[in-house]
Amino acid sequence: MNKPLSSRGLRTAVAHEQPFRLTRCSDCPLSGAPCRAGLEMLFRLQKGMAAAGQAVGEGFQMSGDLVLEGCAHPCRMMYFVEKGGCYLVGHIAEDMEEAEALALAKGQVAGQEAMVMALELEQVAQPLQ
């Protein structure tokens with residue numbers, strides 16, 4: 001069985017993954033721990049952005065929804081990718097609209113029972129410890 005990572009452990013795990021930095025990572029409301037499957041999905045999105053490099057312009061956006069499996073609590077998630085970051089919102093209601101999920105992912109609204117993970121473009125002077 002995989003030992004749950006703490007939020008600090010997740011931040012440390014992505015410290016070497018420039019230019020994005022984990023800026024938000026809330027625990028799964030069901031398990032009470034960070035979602036490993038969600039983090040893996042977020043890394044895949046980020047690696048795609050890194051591979052695209054300069055081909056990704058300012059107006060680039062990509063989004064989708066999926067049922068993320070790979071844990072004891074499969075749930076509906078939405079992902080968002082843009083030049084400034086990669087976002088994943090999980091454990092969301094079936095009727096949640098894309099705009100509402102994106103606002104939640106970017107920290108513009110609160111009060112939802114959801115899991116939020118965000119890798120945002122930041123200039124990091126020193127690796128996280």
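Excluded from the calculations below are hydrogen atoms, water molecules and symmetry mates; all remaining heavy atoms, backbone and side chain alike, are included. Nothing fancy with the numbering, it's 1 onward along the sequence.
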Closest approach of G107 to R24 (non-hydrogen atoms, all atoms of both residues): N-NH2, 3.8 Å
L30 with M41, same ILVMFWY side-chain cluster at under 4.5 Å: no
Sorted by chain and number, sequence neighbours left out, side chain to side chain donor-acceptor pair (under 3.5 Å) with E40 holds for none
Honestly curious: do L104 and L102 fall in one hydrophobic cluster under the side-chain, below-4.5 Å linking rule? yes
Can you confirm whether more than 12 heavy atoms, excluding those of E97, are under 6.0 Å from its CD atom? no
Looking only at heavy atoms, what is the nearest atom pair of G32 and D27, with distance? O-OD2, 3.3 Å
For a quick test of reading the model, state the closest non-hydrogen atom pair linking L119 to Q46 and the distance between them. CD1-CB, 3.7 Å
Using side-chain heavy atoms (C-beta onward) and a distance below 4.5 Å, is D65 in contact with I92? no
Sequence neighbours left out, cut at 3.5 Å: what donor-acceptor pairs do the side chains of residues 75-90 make with other protein atoms?
| residue | atom | partner | partner atom | Å |
| --- | --- | --- | --- | --- |
| R76 | NH1 | A93 | O | 2.6 |
| R76 | NH1 | E94 | O | 3.3 |
| E82 | OE1 | K106 | NZ | 3.3 |
| E82 | OE2 | K106 | NZ | 2.9 |
| K83 | NZ | V56 | O | 3.2 |
| Y87 | OH | E120 | OE2 | 3.2 |

Spacing of C35 atom SG and L42 atom CG [to the nearest 0.5 Å]: 10.5 Å
Could you pull out the closest heavy-atom pair between A118 and A105, with the gap in Å? CB-O, 4.2 Å
Got C28 and H91 here, is their nearest side-chain heavy-atom distance under 4.5 Å? no
